[in-house]
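Everything on this sheet refers to the single structure shown next.
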Amino acid sequence: MLDLKTVADRWQKEWENKKAFQVEVKDRKQKKYFLTTPYPYMNGYIHLGHLFTYIYPEVIARYKKMQGYNVLFKFGFHCTGTPIIAAANRIKEKEPKQTGILKQMGIAEKDIPKFADPQHWVDYFPKETLKDLKRMGFLIDERYTFRTTYLNPTYDAFIRWQFNKLKAKDHVKKGKHPVIWCPKDNVPVGDHDRAEGEGETPQEFLLFKHQLDDGRFVVSATLRQDTVLGITNLFVHPDIQYCEAVVDGEQWIIGEKAALALQDQGHSVKVTKHIKGKELIGKRTKEFDGSHVLILPATFVDPNVGTGLVHSVPSDSADDLIALWDLQKDEATLRKFHLNVDEVRSIKPIPVLNTPEYGDVAAEAMLKKNKVTSQQQRQLLDEIKKELYRISHYTATFNAKYKHAFSKNLEGKPVHEGKELIKKELIEKKFALPYYEPTGKVVCRCLTPCIVKVVENQWFLEYNDPTWKNEAHACLDQMKLYPEKVRKQFDYVLDWLDHWACTREYGLGTQLPWDKHWVIESLSDSTLQMAYCTIAPYLEQSKAYGYAIKTLDDAFFDFIFLGKGTAAAIEKSSGIPKHMLERMHEEFNYWYPFDFRNSAKDLVQNHLSFTLFNHTAIFPKPQWPKSYLVNGRVMVNNEKMSKSKGNFFTVRELGEKYGPDVIRLTAANAGEGIDDANFDMAFVEAAKKKLSDVIECAQTHYNKGRAQEKGIDRWLQVKINRSISEATKNLDVMLLKSAVKSAFLDMQRSLAWYTRRTKGDFHKETINRFIEVQLKLLTPFTPHVSEEAWHAIGKKNFVSLEPWPEAGFFDEGTEQAEELIEATLTDINQVLKLAKIEKPKKITLFVAEAWKHTAAETMQALLDQGERDFKKILTELLKNAELKQHAQDITKILPRVIKNGAAPHASSQRKELAAMQDAKTFIEREFSCTVEIIAADKSTEPKAKQSMPGKVAIVVA
RNA sequence: GCGAGGGUGCCGGAGUGGUCAAACGGGCUAGCUUGAGGGGCUAGUGGCUUAGUGCCUACGCGAGUUCGAUCCUCGUCCCUCGCACCA
């Protein structure tokens, strides 16, 4: 077997030497195709997951190239953001896990300390990634690749321009923002920096202030402001330490954790003393509706949740109700805290909501349904809490108590409709205020539990602006989406996006030009860089073009991208010659907008949507994105890729082991559409063999064979045309897996059948066409193999630069005839099996009577018209004198035809006879016996009557 | 919960109102290749049945629309992704 890696080496060198894929804008009238894909993050080598996404633009790029487009496949290396800095710090600290990651990648022990400097990552990985991509044979012109970060000054200038533009349009505003925060490190803690609590987010609670007689407030936290009128009492944990603090000038009693968190949420907090929960028991507080309630002891209260104080709504909280019941039964405890037993026992749930199927005291119904007996059944109670929350929120309605309590009559209204209003008014009346807490426990890598901090002076991109949203929708509307069904998701996301915190206090990135304290966050700086790419070579390799750049200010980018100002003015400030400025401007206009961008589906709700917003903000409509493709994630042998499972592969090691073409083909064949794809290692093995065969086949058969053309040759010609047509169709709609099938697997199948039919006696012209077309169709997927075979058959140019083949003629009759032969083979086999004859001496085949063909044709015509009435069809058929003679047979066949909704494929007896005659020797050879072919009407054999158009009757002996 | 997508053979996956037991790939079984190495070829791979190429059953589950549904409608169960300030 050929070594495909050597093959790849050879052609990569050739392409390089001849600069086969160097991008040039020679003729601005030439049609162009500009492909982009989100750049990989440079904290490691790229892996199979990256490759799967990148195989789309790569295959399409090569396909478009062969179609005569001037193609630019953009590639960048992502370095902004926090992960690189974080990883570098961990190397600095010699953290074993991080060191291990580098080692596993094959970085030499002695080189590892270099990675303590973030700059080293930014230097090292882009270089190596480019190698990997080239090794895979990607159609990338490296002059058009670039790194993101301030370490690349021209890119940095570009991002400043982008943000100044956004600011000028009022899309960037200052505000407050809750984030998960480490109180020790004093930084926000993203998912990747957490020791525990990935996926937890800030959640908005309300603090309820319950006033004691002495003016102090006992403060509880809740998500259920809808039940505010159902409060019957408060619960404290008798043994927990609470603190008394001056919060925004008021005396509050709250848990210690909440006191800490409040400080980070913009409140002034001064703790004055600590008190035990039991000190509060028996006191009374005044509620929102003016009622007074008792403070009672309960042990389910968790000091780490909310304020560590709970207001009790036993009608709609199972926890509260069961705790109340437990307490009411527990006379000892009541006495211990000097509570009035009768008074406590008289506390009853106050109905506030009507919950379908659960009545007006939903908590009670819920407890009974789940047979809860004690507040100690924590797990069950937690489940009930969630369930009840869900049911109340979506199905419950407010009762009469809500008629006048708020500015609008809420009686009978669903809870989810009234909740916002209640919140607003409770806050206005100073009974409540917002408070944030993580949705679950979050622990920083430094092992400190995290809180929610409300960051002040944060900069936001105002994606919630309705006018901007409309623009983004307009942009989406004019785009092609692959697959189209992702449109709904995009529409939803565009509406859902709120303002986006676009700056960070640390990380690699461009400084916010007007507020240098902040660094632009990486999802925000990557939304427009496709434009930068079009001129990247002229900025990053200015020396090659004979000038040195002085400064790039906003006027420069305004000129290049928006055509504002004059080249002459910018020549001075930038140091770039006028003609180069003009060239950049024109080339940008030539390449832009991008025609294609794709990513895995997880970027839909951020990057891909942001890109739409940013384009509409800065570019005029003609420069808006043309299409998006959204792909699934890649699995390996149907399992999620993961290092622990041992199915994690870097592109590097795959290339090393199998060579690029096998991997490219397998990746393209892994799947299409939005569902997760499957990289099948079994296919990898099969592909190795199949690809070697392609080269071998070309070498063996090209320019050999007979001169005289036969029927079966015509069949292969038709099949070749089918494959061309199908492959083209599939590539046009970005269906790679389907394209692999039509461009390769179907072709190979046709060849196999052709070989069998001709017994290897090929027609020279036909096999030549087959080989040439096969190599061209394969080129986008396996360019090295194609190139190798192309030259093996004596071609001197690159197949990569050949025009994409055009489908010639089609001939359904020929295809049908061949299908008849194939079906006949299958049927003969079945008959032989049924008749228990292993070695037949003679096979007689009866081609259906002429009238059956006529009947089939008429039936199909009627069926196509929608006719399903037995009698009508029969009458119609019998109008034909020829058919009338066979009325009895027709009445037998007809019901089945009607049931199937389709008649047998009508051909003509003459054609079927000819096709069978043509294949006679072939069938004889296949079964090693004599074959006779007879028209059914010319025979007295009873079985001959079983023949139908497209199905011969068979007698074996 | 919300939004989106999906549930088809031993597996991956086509099909999207009729000729389609289900393309294409993989796996498995049998036979052949008269000869060794995960090679090639042929046949088979839902059930039942058969002097004959047939019949029945199936596309998560239940109901409906239709002459006819894997494909449309409704209900139900299950799975995947996302729900953010993070690349």
Side-chain angles (χ1 to χ4, degrees), chain A residues 1 38 40-41 43 78 80-84 177-180 188 190-193 198-199 201-202 386 389-391 393-394 416 455 458 460-461 483 485-493 495-504 521-524 526 600-607 632-633 635 637-638 669-678 680 682-683 685-686 689 737-738 740-742 744-746 749 752 756 823-837 860 863 866 868-870 897-905 926 943 946 950-956:
Chain A
M1 210 152 72
Y41 198 74
N43 59 349
H78 197 190
T80 54
T82 53
I84 286 179
H177 182 63
V179 292
I180 303 279
D191 265 353
H192 303 283
D193 295 323
E198 199 168 321
T201 59
K386 271 192 198 157
Y389 182 92
R390 188 176 65 83
I391 293 171
H393 188 79
Y394 292 99
H416 62 90
V455 177
Q458 168 68 268
F460 291 96
L461 280 164
K485 66 183 167 195
V486 297
R487 192 176 294 279
K488 274 191 194 168
Q489 181 75 8
F490 270 110
D491 270 321
Y492 176 80
V493 169
D495 285 330
W496 164 82
L497 277 172
D498 204 341
H499 57 197
W500 175 267
C502 62
T503 52
R504 286 296 99 84
E521 170 270 339
S522 65
L523 276 174
S524 300
S526 55
K601 55 191 165 190
D602 39 350
L603 292 192
V604 168
Q605 51 283 327
N606 46 53
H607 171 78
R633 309 268 204 84
M635 319 254 275
N637 296 339
N638 264 319
N669 188 56
E672 58 199 9
I674 194 171
D675 295 324
D676 288 343
N678 185 31
D680 187 352
F683 188 90
E685 294 299 333
K689 173 80 177 77
K737 183 174 172 138
S738 302
V740 169
K741 175 178 177 284
S742 33
F744 185 42
L745 301 173
D746 286 351
R749 229 175 106 78
R756 187 173 170 188
T824 302
L825 241 48
T826 310
D827 289 346
I828 293 174
N829 270 314
Q830 197 170 348
V831 171
L832 287 175
K833 206 171 123 193
L834 291 168
K836 300 195 171 63
I837 297 175
Q860 193 57 53
L863 290 171
R868 291 293 182 276
D869 189 317
F870 181 88
V897 168
I898 293 178
K899 192 183 149 223
N900 287 339
H905 273 304
E926 288 287 312
K943 290 197 173 78
Q946 287 171 354
K951 204 166 187 79
V952 296
I954 298 161
V955 172
V956 293

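Letters A, B, ... are given to chains in the order of the sequence lines, protein chains preceding strands, and every chain is numbered from 1. Not measured: the values here are computed from a predicted model.
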d(CD1, A/Ile674; C1', B/C79) in whole Å: 15 Å

With sugar-phosphate meaning primed atoms plus P, OP1 and OP2, does A/His499 contact a base, only sugar-phosphate, or nothing at under 4.0 Å between heavy atoms? base

In Watson-Crick or G-U wobble terms, both distances under 3.5 Å, what is the partner of B/U29? B/A43

Among B/C86, B/C2, B/C85, which nucleotide has an atom closest to any side-chain atom of A/Leu523? B/C86

With RNA chain B as reference, determine whether A/Thr503 or A/Lys601 sits nearer its 5' end, using the nearest nucleotide of each. A/Lys601

When you match A/Gln830 and A/Asn606 each to their closest nucleotide on RNA chain B, which lands nearer the 5' end? A/Gln830

What is the distance from CD of A/Glu685 to P of B/G38, rounded to the nearest Å? 12 Å

From B/C81, B/U42, B/C85, nucleotide with atom closest to A/Arg756 side chain: B/U42

Give A/Asn43 one of three labels, base, sugar-phosphate or nothing, depending on what nucleic acid heavy atoms sit under 4.0 Å from its own. nothing

Which part of the nucleic acid does A/Val493 contact within heavy-atom distance under 4.0 Å: base, sugar-phosphate only, or nothing? nothing

Report yes if a side-chain nitrogen or oxygen of A/Arg633 is closer than 4.0 Å to either non-bridging phosphate oxygen (OP1 or OP2) of B/G82; otherwise report no. yes

Strictly below 4.0 Å, N to O, side chains only: are A/Asp746 and A/Lys741 in salt-bridge contact? yes

Contact class for A/Ala823 vs. all strands (heavy atom < 4.0 Å): base, sugar-phosphate, or nothing? nothing

Roughly, in whole Å, what's the span from CG in A/Asn829 to C1' in B/G54? 17 Å

Distance in angstrom units between A/Lys951 NZ and B/G54 C1', rounded: 10 Å

Polar pairs (N or O, both sides) under 3.5 Å between protein and nucleotides 25-29 of chain B?
none

Send over the distance from A/Lys737 NZ to B/A14 C1', rounded to a whole Å. 9 Å

Value in whole Å for how far the C1' atom of B/C81 lies from NZ of A/Lys485: 13 Å

A/Gln489 has an atom CD; how far is it from atom P of B/A4, in whole Å? 7 Å

Selection from B/A84, B/G40, B/U53 that lies nearest to any side-chain heavy atom of A/Trp496: B/A84

Hey, does A/Leu497 reach any base, or is it just sugar-phosphate, or nothing, if we go heavy atoms under 4.0 Å? base

Could I get a table of every N or O pair under 3.5 Å where one atom is in the protein and the other is in nucleotides 45-52 of chain B?
unit_1: B/G52; atom_1: N2; unit_2: A/Ile954; atom_2: O; d: 2.5

Calculate the interatomic distance between A/Glu521 atom CD and B/A84 atom P; express it in whole Å. 15 Å

Go through B/G5, B/A84, B/U53 for me and flag the one nearest to the A/Asp827 side chain. B/U53

Indicate, with a heavy-atom threshold strictly under 4.0 Å, whether A/Lys741 touches base, sugar-phosphate, or nothing. base

